[in-house]
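I have placed the structure first, in the form of C-alpha cells, so that the comments after it can refer back to it.
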Amino acid sequence: MMDNPVNRTRNDDESGYDPSAVEGKWQQAWLDRRTNTTDVAAAPDPFYALMMFPYPSAEGLHVGNLFAFVGADVYGRFQRLQGHNVFEPFGYDAFGIHSENYALKVGKHPMDLIPQNIANFGRQVARAGLMVDWSKSVDTTNPDYYKWTQWVFLQLLRQGLAYKKQAAVNWCPSCKTVLANEQVIGGACERCDTPVEQRFLSQWFFRISDYAGRLLANLDGLDWSETTKTAQRNWIGRSEGAQISFAVRKNGADHTIPVFTTRPDTVFGATYLVIAPEHPMVASLTSGVYRSAVDQYLARSAKQDLVTRKSNTEKTGVFTGAHAINPATGQEIPIWISDYVLMEYGTGAIMAVPGHDERDFEFAKVFGLPIVRVVCAEGAEPSEPLDEAFTENERGIIVNSGRFDGMTVSTARREIMKMLDEKDAGHPVVNYRLHDWCISRQRYWGPPIPIIYCDDCGAVPVPEKDLPVVLPFVEDFKPDDSGVSPLARHEDWYRVPCPQCGKMSRRETDVSDTFLDSAWYFLRYPSVGIDEAAFDSRITKKWLPVDSYIGGNEHAVLHLLYSRFVTMVLHDMGMLEFEEPFTRFRAHGLIIRNGAKMSKSKGNVVIPDQYIEKWGADAFRTYLMFLGPFEEGGDFRDASISGVKRFLDRLWASVTSAVDLSASNGAHDPDVTRKLHQTIRKVGDDIPKLSYNTAVAAMMEYMNVLRRGERSPSRAEVEPLVRMVSPFAPHIAEELWEKLGHTESVFDTGWPSFDQSLAVAERIDLVVQVNGKTRGKLSVAPDISQEDAVAAVMNEESMSKFLGGMPRKVIFVPGRLLNLVG
RNA sequence: GCGGGAGUGGCGGAACUGGUAGACGCGCUGGACUUAGGAUCCAGUGGAGCAAUCCGUGGGGGUUCGAGUCCCCCCUUUCGCACCA
C-alpha cells in the first residue's frame, strides 16, 4: 500500500519539536508526579468521565478503540480544565468466548494470554497519552473483581430475579459446543459449516423483562444520544394489545388458550389458532390420528437451529385435531401448530386473522384455511374477496362483525374489548419483546456461577463469605459434546459439600455471560482496592452516577441495557441511591479507511503504534478528532495527518518565538485579540458538544491569524491557545506551558477566560440582497440602522442597479442582512 | 418488511433558531528561499465565461423576500432488528 506510514523518513527541522522526546518526557512526568491520579475520597468537585473498557485482543489496540478513547479523554481533560476533579479510569473486559476461541486457535491458555494482552493494551493506552488513573484499574478476569460479579448474581437471586429454566440453544455437533446466535451463519456453524441444531439446556436467566416498563419509561429523562435511546426503545418493543382467551373442550374438560394480539378489533376474522411447537399444550391438544404428523413436525422444528427457523419464508405447520371457540363469533375454529409462532413472545399462541395479517394470510393460503374480511377500506365493497392481507387500520371500517359493523377500527377496538371483557374472554395487556436475559454459558472462560446443587436442599447459593468461586486452571478447556462446561470434567473442582446440610453436592459448572462482568464495572472503579464491598457506599455516593459515558453504539442494546437493569435492581435493594447509571451517554461514530471499511482480510487496518511512532501521539490524537464529526465517525486518510502535524509545528514555533519576547507582552493587535476571544468561545462551545473537528478547525483559524504577516505573537496571544489545545495534544501543551515558565501542569490551570467585549467586531459585512439574490456586501458598524443601511445601498451603483427604483419592501436582519424587494 | 442515520468541490468535511454555501484541512496550480525539496513561507483554487454575469448542496414539486436547512413525493446509500402476532 502506497501510504504505508513508516516508509518515509522525516528530516527534522531546526525548530526543536521532537514529538517522541516530548511525549516520553511527559508520560513519565505524569506518572512521577501522579498528575492523573484522583483522590477519590477527598475530591471536592468530582466528575466521572468514563469510556467503555475494551476486550484486550491479542492484536492490540485498534484505531477504532483509540478514536473512542481519545474522544472520551478530550472530554475528560476539558472538564478538568473547567475545574472539576476528573476521574478517568481504564480497564479490561477480558472474559468471554472471544478470548477463549482465540486461545484455542493459537494453542495457548487464556490465563497466560490475557495478562500479555493487557500489558500490551496498557502500554498502548499510555503511549496515546490518555489521562488514565492507573491506580484504579479493573480486569474482569481477576478473582478480586469477579468475586463481586458473583456477588451481583447472588443479589439478583436474592431478589427473586434469577431463575433456572430449560431453554433452546444453538449447538454445533461438530465443534461440540454451544454457539451464540451471531456465530450461526445461514444455519451453519461459522467455523466448520456444519448445520447447527437446537438443544434444550437448563440455564440461568435474569428477569429483565420484569423491568421492561421502567427501562423504557426512564429513557425519556436520560441525556443520551437519541440513536441509542431509539435502539433501546425498539429492543424493549412495547406493544399495546389484548390477551384473548379461546375456550377448548378436550376430553370432557374445559381449557382456555390465551393469545396476545395487537388487533382485538379483528377478532371476528380469527378463523383458526396457531400455537408454537414448544407450547405446553401441544401434547394435550393433539388427538389420535394426528399424533404422528404432529410428532414428525415437532422433531423437524427441534432439529432446526434458531436462526434459520426465524428466517424461514414458506409457512409450514400441522393440524392438532383440536378446535377452540372464537369468543366473538361462537364458532369452532381449528388449532394448528407452526414454527412461525414463537414461544418467547406473547403467550406462544396467536389468533390467526388471515384477512388482516400477512403471515396468517400466507399460512391460510398454504393450508386452505378460511379467510374472512372484517376490515374494509372506506367506500370499498365488503364482499370483495381479499387477494392479500389488508393491514391498513388507520381508515378502516369494520365489516362482518355483527353489531360492530360500520365502526371505525379505533372505535371497534374499544367496543370489542368491552364486549370481550364482559364475557370474561379478554382484557387489555401490554407486551414487550424484551426477553429475559440468559446468563449461562457452557464454556470455560468466565466467572463460575456461584450455585451448588444439593440432592436434598436443591440449588443453594454459595454463601457470600465463600466468594470468589475461583475459576480453576485446567489444561483442557476445550468444549465437548456433553452440552455442559469443560468444568464439568473436573470432579475435584465441582464436588463440594452443600453449604446448608454438608452433604456432598455438585457446583454449577456453567460460567456467566461476559455482559454480566461489564454490567457493573463502572460501580467498581472508584472503589478499587476496597475489599469489604463491591462498591463503597460513601465513595459511590460521591462519584456516581457516571457524569459522562462515551462509547460505541454496538452496545446500545446489550451492555447499556444490562447496566441499567443491574443498577435498578441494586437501587431497589437499597444499595444505590440512583437507578440510572449513566447521566449522559454519547455514542461515537465509526472510522473507515479511504472510504472503505477496515478489515484484516483487506489489509487496510490502521495500526496506531506505527502512526504514533511516525507522527507522535499528539498529532495522531488531534487528527483522529479532526477527521470528522466525533459522533458520526469519519474517513481516515493518511495524507491528511500532515495538516495537523503542521499545525502543531506552527504552534511550537509560535510559542517558542513568543517566549523569546521575554517578560513583555509584545505586540498588541486588536484583530488577533478579537480572533482569540472568538476562538475561546467557539472551542469552549464545541468541546462539550463533542464537535471536536470544528474546535480544532477554529484553533487552526486562530493560528492563521496569529501568524499572518510574519509577526511574532505575544505571550498573551499564545498562552490561551496552549490551554485550548491541551485536551487534544496534551504532551506538547505541557511542554510549551513549561517553556512559558509555568511549573504546574497545564491541566490544573483552568480554561482561558472569555471576554465578550473583546470578541465583538468593530465593523461587519452586511449582506445585501436584491429580490432575494445576493448582490454584494457593505462594511458597516454592527449596529447600523435600517434607514442608514438602505441609504448606503442606494448610493452604491453596483448594487442599486439591480433594483431600478425604490424598494417596495425591505427585509432587515440587524447586523446581518439587508434584502431589498422591488 | 420495520426502525435509525446519511447524500454538499478532486477528497475529508464546515454552515447558529431559514439569512454571503464550501470554514478548516488534504490535494492541486503558481511564486519565494534553495545544490535539492517529500522542509518552510506567500498567493490562488466549486463550475462556465474575456467580462458583466450565469449555474451550482441526490432528483422532482411546494412554502418564503430568501431554502443545504422547513413541507410533500421519489432515488441512492449505510447501520440496527428481523415471522414480535
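These numbers come from a predicted model, not from an experiment. Excluded from the calculations below are hydrogen atoms, water molecules and symmetry mates; all remaining heavy atoms, backbone and side chain alike, are included.
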From B:rC16, B:rG27, B:rC81, nucleotide with atom closest to A:Ser642 side chain: B:rG27
Minimum-distance nucleotide (side-chain atoms of A:Pro629 versus B:rC24, B:rC26, B:rA14): B:rA14
Starting the side chain at C-beta, find the nucleotide from B:rG19, B:rA15, B:rG3 nearest to A:Gln769. B:rG19
RNA chain B base-pair string [pairs: Watson-Crick or G-U under 3.5 Å; |: paired with another strand]: (((((((..(((......[....)))((((((.......))))))(((....)))..(((((..]....))))))))))))....
Among B:rC24, B:rG19, B:rU53, which nucleotide sits nearest the side chain of A:Phe626? B:rC24
Note: A:Asp357-A:Arg263 ion pair, threshold 4.0 Å (strictly below): no
Please give the distance between the C1' atoms of B:rC11 and B:rG27 as a whole number of Å. 7 Å
Taking everything shown except A:Glu554 itself, do over 12 heavy atoms lie less than 6.0 Å from its CD? yes
Before accepting this row, confirm whether a basic side-chain N of the pair A:Glu362/A:Lys365 lies closer than 4.0 Å to the acidic partner's carboxylate O. no
Rounding to a whole Å, what distance do you find between A:Lys809:NZ and B:rG66:P? 9 Å
Between B:rG60 and B:rA67, how far apart are the two P atoms, rounded to whole Å? 15 Å
Residue A:Phe802, side-chain heavy atoms: nucleotide from B:rU53, B:rU20, B:rG25 that is nearest: B:rU53
With rounding to whole Å, what would you report as the distance between B:rC70 and B:rG10 at their P atoms? 25 Å
Hey, do the aromatic rings of A:Trp437 and A:Tyr562 have their centres closer than 6.0 Å? yes
When the distance from CH2 of A:Trp615 to P of B:rG38 is rounded to whole Å, what number comes out? 14 Å
Of the options B:rC16, B:rC83, B:rG3, whose atoms approach the side-chain atoms of A:Thr230 most closely? B:rG3
B:rC72 and B:rG1: how far apart are their C1' atoms, nearest whole angstrom? 23 Å
Shortest side-chain distance from A:Asn234, nucleotide among B:rG3, B:rA85, B:rC81: B:rG3
Atom CD of A:Glu226 and atom P of B:rG3 are separated, to the nearest Å, by 17 Å
Among A:Phe636, A:Phe626, A:Phe630, A:Tyr692, whose ring pair (Phe, Tyr, Trp, His ring centres under 6.0 Å) with A:Phe67 holds? A:Phe630
Work out how far the P atom of B:rG44 is from that of B:rG37, and round it to whole angstrom. 24 Å
C1' spacing across the pair B:rC54 / B:rG18, given as an integer number of angstrom: 24 Å
Between A:Arg775 and A:Phe802, is NZ or CZ placed under 6.0 angstrom from the six-membered ring centre and within 45° of the ring axis? yes
Show your working on salt bridge (Lys or Arg N to Asp or Glu O under 4.0 Å) between A:Asp638 and A:Arg593 and close with a plain yes or no. CA-CA 9 Å; A:Asp638 293 44; A:Arg593 173 95 179 272; 3.2 Å; yes
For the pair made of CD in A:Glu554 and P in B:rU78, what is the distance, rounded to whole Å? 19 Å
Whole-Å distance between B:rC16 P and A:Lys682 NZ? 9 Å
List in numerical order all residues of residues 686-693 of chain A for which some heavy atom is under 4.0 Å away from an atom belonging to RNA chain B. A:Asn693
Can you tell me whether the side chain of A:Glu358 and the base of B:rG1 have a donor-acceptor pair closer than 3.5 Å? no
Measuring from the side chain of A:Arg646 (C-beta onward, heavy atoms only), which nucleotide among B:rG27, B:rC11, B:rC83 has the closest atom? B:rG27
When you compare B:rC75 with B:rA14, how far apart are their P atoms, in angstrom units rounded to a whole number? 28 Å
A:Met351 or A:Leu627: which one's nearest nucleotide on RNA chain B is closer to the 5' end? A:Leu627
Is B:rG9 in the syn or the anti form, by the rule that syn lies within 90° of 0? syn
Spacing of A:Ile591 atom CD1 relative to B:rU78 atom C1', expressed in whole Å: 16 Å
Ionic contact status for A:Asp671 with A:Lys675, cut-off 4.0 Å: no
Of the listed B:rC65, B:rU20, B:rC54, the closest approach to the A:Asp765 side chain comes from B:rU20
Within this structure, what is the NZ-to-P distance between A:Lys229 and B:rG4, rounded to whole angstrom? 15 Å
From C-beta outward on A:Arg650, which listed nucleotide comes closest to its side chain: B:rC41, B:rA85, B:rC79? B:rC41
Integer angstrom distance from the C1' of B:rC50 to that of B:rG12: 35 Å
Whole-Å distance separating the CG atom of A:Leu818 from the P atom of B:rG66: 15 Å
Go nucleotide by nucleotide along RNA chain B from the 5' end; which of A:Val813 and A:Val644 gets its closest nucleotide reached first? A:Val813
Pair A:Asp686 + A:Lys682, salt bridge at N-O below 4.0 Å: yes
Should we count CD1 of A:Ile784 as having more than 12 external heavy atoms under 6.0 Å? yes
Has the side chain of A:Arg708 got a donor or acceptor that lies under 3.5 Å from a partner of the other kind on the base of B:rC42? no
